[in-house]
Amino acid sequence: MSDAPASHSFPPVDEQLALLKRGVVDLVEEGELRERLESSRKTGRPLRVKLGIDPSSPDIHLGHTVVLRKLRDFQRLGHTVVVLWGTATAMVGDPTGKDKTRPQLTREQVEENKKTYKDQIGRVLDLDRIEERENGEWFDRMSFLDAVALAGGTTVARMLERDSFAKRYQAGQPISLHELVYPLMQGWDSVELKADVELGGTDQLFNLHMGRELQKRQGQPAQICMTMPLLVGLDGVQKMSKSLGNAIGVTDTGTQMFGKSMSLPDEPMRSWMELVTDLSAARIDELLGGHPRDAKVALAHAVVEGYHDRAAADAAVEEFERMFKQGGLPDDIPEVTVEAGDGGALMIAALLAQAGMCQTNSEGRRLVQGGGVKVDDVKIDDPKQAFGAGTYLVQAGKKKFARVTVVG
RNA sequence: GGGCGAAUACCCAAGCGGCCAACGGGGCCAGACUGUAAAUCUGGUGGCUAUGCCUUCGCAGGUUCGAAUCCUGCUUCGCCCA
């Protein structure tokens, strides 16, 4: 280590590789990564590790953190994480994994999302040590002819190799031209950034390869592509996605994270433990060999601890046990005040709706008929039962509680 | 530019003149059970001052005692030919 400047003393290459390879699905090429790490260690030059983020949807969830955590590994080893904001690409829309064209965003939306996004990735990465760039820096200046020249770097056949395009094409679904341009843009970003490594989900492999190709054409060393598995969502089937409603957001409260984690089916527990917690391999085996419920509690605890702290995680466990094993009350019960109508009293269905515990009176009525409503711990059977002025503890289902004050 | 076809509730998808607030599946919500908000089973899933009334089947009109279903125009999308 004496041959490297003190500020860039990297661990031995084998050690770095072992850490970096953990959990990785595709690694193109491992040999190249080793060489790159070796030369970096010799020269003291950190690798430039790129992650492109299109600030298209502003909320990041555990699924995104799989890649971010890998990036953090690089960061901890002393390498440079380059966060590339896809201010230009966000307005094009990445077709990956979509069977439909994505809506395009405006500049303003993109700027706004970027702010929120940055705050959230800060929950995983050390923001003081990232390099931030925007691909608007080069794409805004590129002329149409430049773009055409860029497009000359690949072929239609090459584009159609891509799974999602091929499927859509065969199924007779539309593919807009701009969607074909997207991978080119992403690849060009790598050229501009002189990226050594680019990370992404497994669905990004095609786009990552495009970076390699374009770099080679420009006479640069081709970047190493690494992909991380896609995290399955709370439904245990589809990938985690906010729009599918099966996600845990990094800004969720401890209680929310815990509860949501507990609703994960048993099967994906192992992959969750490996991808979104710091649990060691040995500990994971031990947990999965034991009672599934205990394993899930440990998993949920670890998830909460990663974004809050140990105390919050402990509290979440305790609250969960109390609520679901013993049917007790949650820690925080929202207080709401509602106004009674002319009669000076509110029917339970209307009360639920006005207290925001359901959308409409009819829905409240159904909740009551389904046997899911309790007031002051007494089950309500009649949707017409009315409540006058006073304060009541209202429970709708197992999860929704409120202390409702009715005023006349 | 020409021809053909499609648009149904959160999504997929039946229905093709009255029995339609509209089959079925998914999702979601609730209940039972339990090892958890897993799994499984059951019920619910337009609104309302509710055994009835009102608004829904791309949009606007029309035919009819009566339309999601038939006709006309429009819009959007897809396919085929150019």
Colleague: Using atom C1' of each nucleotide, how far apart are B:G46 and B:G35 to the nearest Å?
Modeller: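 Nearest-Å result for B:G46 against B:G35 at atom C1': 38 Å.
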
Colleague: With both distances under 3.5 Å as the test, what is the Watson-Crick or G-U wobble partner of B:C57?
Modeller: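 Its partner: none found.
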
Colleague: In whole Å, measure the gap between the C1' atoms of B:G78 and B:G58 for me.
Modeller: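 These two C1' atoms come out 15 Å apart once rounded.
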
Colleague: Mind checking who B:A21 pairs with, Watson-Crick or G-U wobble, both distances under 3.5 Å?
Modeller: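 Pairing partner: none.
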
Colleague: Under 3.5 Å for both donor-acceptor distances, Watson-Crick or wobble: does B:U42 have a partner, and if so which one?
Modeller: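 Result: B:A30.
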
Colleague: So which nucleotide does B:A37 pair with, by the Watson-Crick or G-U wobble rule with both distances under 3.5 Å?
Modeller: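 Paired with B:A37, as far as the under-3.5 Å criterion goes, is no nucleotide at all.
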
Colleague: Reckon A:S362 touches a base, only the sugar-phosphate, or nothing at all at heavy-atom distances under 4.0 Å?
Modeller: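 Touches a base.
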
Colleague: Give the rounded distance in Å between these two atoms: CZ of A:R322 and C1' of B:U36.
Modeller: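 Rounding to the nearest Å, CZ of A:R322 and C1' of B:U36 are 16 Å apart.
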
Colleague: Among B:A50, B:G35, B:A30, which nucleotide sits nearest the side chain of A:R365?
Modeller: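 Side chain of A:R365 sits closest to B:A50.
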
Colleague: Can you check the distance between B:G15 and B:A7, where both ends of the measurement are the C1' atom (answer in whole Å)?
Modeller: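 The answer is 15 Å between these two C1' atoms.
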
Colleague: For A:E286, look at atom CD and say whether over 12 heavy atoms of other residues, nucleotides or ligands are found less than 6.0 Å away.
Modeller: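 Yes - once you tally the heavy atoms of other residues, nucleotides and ligands closer than 6.0 Å, there are more than 12.
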
Colleague: On a whole-Å scale, what distance lies between the P atoms belonging to B:G2 and B:G73?
Modeller: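 Straight-line distance between the two P atoms is 15 Å.
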
Colleague: Taking B:C70 as the reference, what is the distance to B:A6 when you measure between their P atoms (whole Å, please)?
Modeller: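 The same atom, P, in both gives a distance of 10 Å.
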
Colleague: Return yes when atom CD of A:E112 has more than 12 non-hydrogen atoms of other residues, nucleotides or ligands closer than 6.0 Å, and no otherwise.
Modeller: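 12 or below, so no.
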
Colleague: Taking a pair as Watson-Crick or G-U wobble with both distances under 3.5 Å, which nucleotide is matched to B:C70?
Modeller: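 Per the H-bond distance test, B:G62.
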
Colleague: Measure CD/A:Q359 against C1'/B:G47 and give the value in whole Å, please.
Modeller: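 One finds 13 Å between C1' of B:G47 and CD of A:Q359, rounded.
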
Colleague: Closest-nucleotide mapping onto RNA chain B: is A:H291 or A:L367 further toward the 5' terminus? I mean the 5' end.
Modeller: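 The answer here is A:L367.
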
Colleague: Rounded to the nearest Å, what distance is computed from the NZ atom of residue A:K398 to the C1' atom of nucleotide B:U34?
Modeller: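 Checked: the NZ to C1' distance equals 10 Å.
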
Colleague: Looking at side-chain heavy atoms only, is the closest gap between A:D331 and A:R322 below 4.5 Å?
Modeller: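 Yes; the side chains approach each other to less than 4.5 Å.
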
Colleague: Using whole Å, report how far CG of A:D381 lies from P of B:G31.
Modeller: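 The answer, rounded to whole Å, is 13 Å.
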
Colleague: What is the nucleic acid contact for A:N361, judged by heavy atoms within less than 4.0 Å: base, sugar-phosphate only, or nothing?
Modeller: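 Sugar-phosphate only.
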
Colleague: With a 3.5 angstrom cut-off on both distances, give the Watson-Crick or G-U wobble partner of B:U51, or none if there isn't one.
Modeller: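 In the structure as shown, B:U51 has no Watson-Crick or wobble partner.
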
Colleague: Can you check the distance between B:C23 and B:C77, where both ends of the measurement are the P atom (answer in whole Å)?
Modeller: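 Their P atoms lie roughly 30 Å apart.
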
Colleague: Tell me the closest heavy-atom pair linking A:V394 and A:M357, and the distance in Å.
Modeller: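 In terms of heavy atoms, the two residues are closest at O-CE, 3.5 Å.
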
Colleague: Would you indicate which nucleotide in B:A38, B:A37, B:U49 comes nearest to any side-chain atom of A:K296?
Modeller: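 The nucleotide sitting nearest to the side chain is B:A38.
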
Colleague: What distance, rounded to whole Å, do you find between the two C1' atoms, one in B:C80 and one in B:A13?
Modeller: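 It works out to 26 Å between them.
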
Colleague: Between B:A38, B:C33, B:U36, which one does the side chain of A:P265 approach most closely?
Modeller: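 Closest of the options to the side chain of A:P265: B:A38.
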
Colleague: Could you give the distance separating B:G44 and B:C10 at their C1' atoms, to the nearest angstrom?
Modeller: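 Rounded to whole Å, the distance is 16 Å.
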
Colleague: Starting at atom CE of A:M262, determine the distance to atom P of B:U34, rounded to an integer number of angstrom.
Modeller: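 One finds 17 Å between P of B:U34 and CE of A:M262, rounded.
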
Colleague: Over all strands shown, is A:P292 touching base, sugar-phosphate only, or nothing at heavy-atom distances under 4.0 angstrom?
Modeller: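 If one applies the 4.0 Å heavy-atom cut-off, A:P292 turns out to touch a base.
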
Colleague: CD of A:E321 versus C1' of B:A37: gap in Å, rounded?
Modeller: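 The distance from CD of A:E321 to C1' of B:A37 comes to 13 Å, rounded to the nearest Å.
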
Colleague: Can you tell me if CZ on A:R22 sees more than 12 non-hydrogen neighbours from other groups inside 6.0 Å?
Modeller: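 Check fails, neighbour count at 12 or below.
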
Colleague: Let me spell it out: for each of A:R293 and A:M347, pick the nucleotide of RNA chain B with the closest heavy atom. Which residue's pick is nearer the 5' end?
Modeller: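 Nearest nucleotide further toward 5': that of A:R293.
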
Colleague: Who is the Watson-Crick or G-U wobble partner of B:U75, with both distances under 3.5 Å?
Modeller: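 Looking at the geometry, B:U75 pairs with B:A7.
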
Colleague: Please walk me through it: do A:H79 and A:Q16 pass side-chain hydrogen bond (donor to acceptor under 3.5 Å, both in side chains)?
Modeller: CA-CA 11 Å; A:H79 298 291; A:Q16 293 193 53; 2.8 Å; yes

Colleague: As a quick check of understanding, evaluate side-chain hydrogen bond (donor to acceptor under 3.5 Å, both in side chains) for A:Q186 and A:Q204, giving each step before the final call.
Modeller: CA-CA 10 Å; A:Q186 185 169 339; A:Q204 286 289 316; 3.0 Å; yes

Colleague: Measure from NZ on A:K384 to P on B:A50 and round the result to the nearest Å.
Modeller: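 Roughly 6 Å, once rounded to whole Å.
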
Colleague: Under 4.0 Å between any heavy atoms, over every strand shown, what does A:G371 touch: base, sugar-phosphate, or nothing? Just pick one.
Modeller: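 The answer is sugar-phosphate, as A:G371 gets under 4.0 Å only of primed atoms, P, OP1 or OP2.
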
Colleague: For the base of B:A30, is there a side-chain donor-acceptor partner from A:R366 under 3.5 Å away?
Modeller: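 Answer no: no donor N or O sits under 3.5 Å from an acceptor.
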
Colleague: May I have the distance from A:K400 (atom NZ) to B:C29 (atom P), rounded to whole angstrom?
Modeller: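 Atom NZ in A:K400 sits about 8 Å away from atom P in B:C29.
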
Colleague: Under 4.0 Å between a side-chain N or O of A:T360 and OP1 or OP2 of B:G47?
Modeller: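 Yes, A:T360 has a side-chain N/O under 4.0 Å of OP1/OP2 on B:G47.
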
Colleague: Kindly indicate whether the side chain of A:R212, heavy atoms from C-beta on, has any atom under 4.5 Å from the side chain of A:C225.
Modeller: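 The answer is yes, as the side chains (C-beta and beyond) meet within the 4.5 Å cut-off.
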
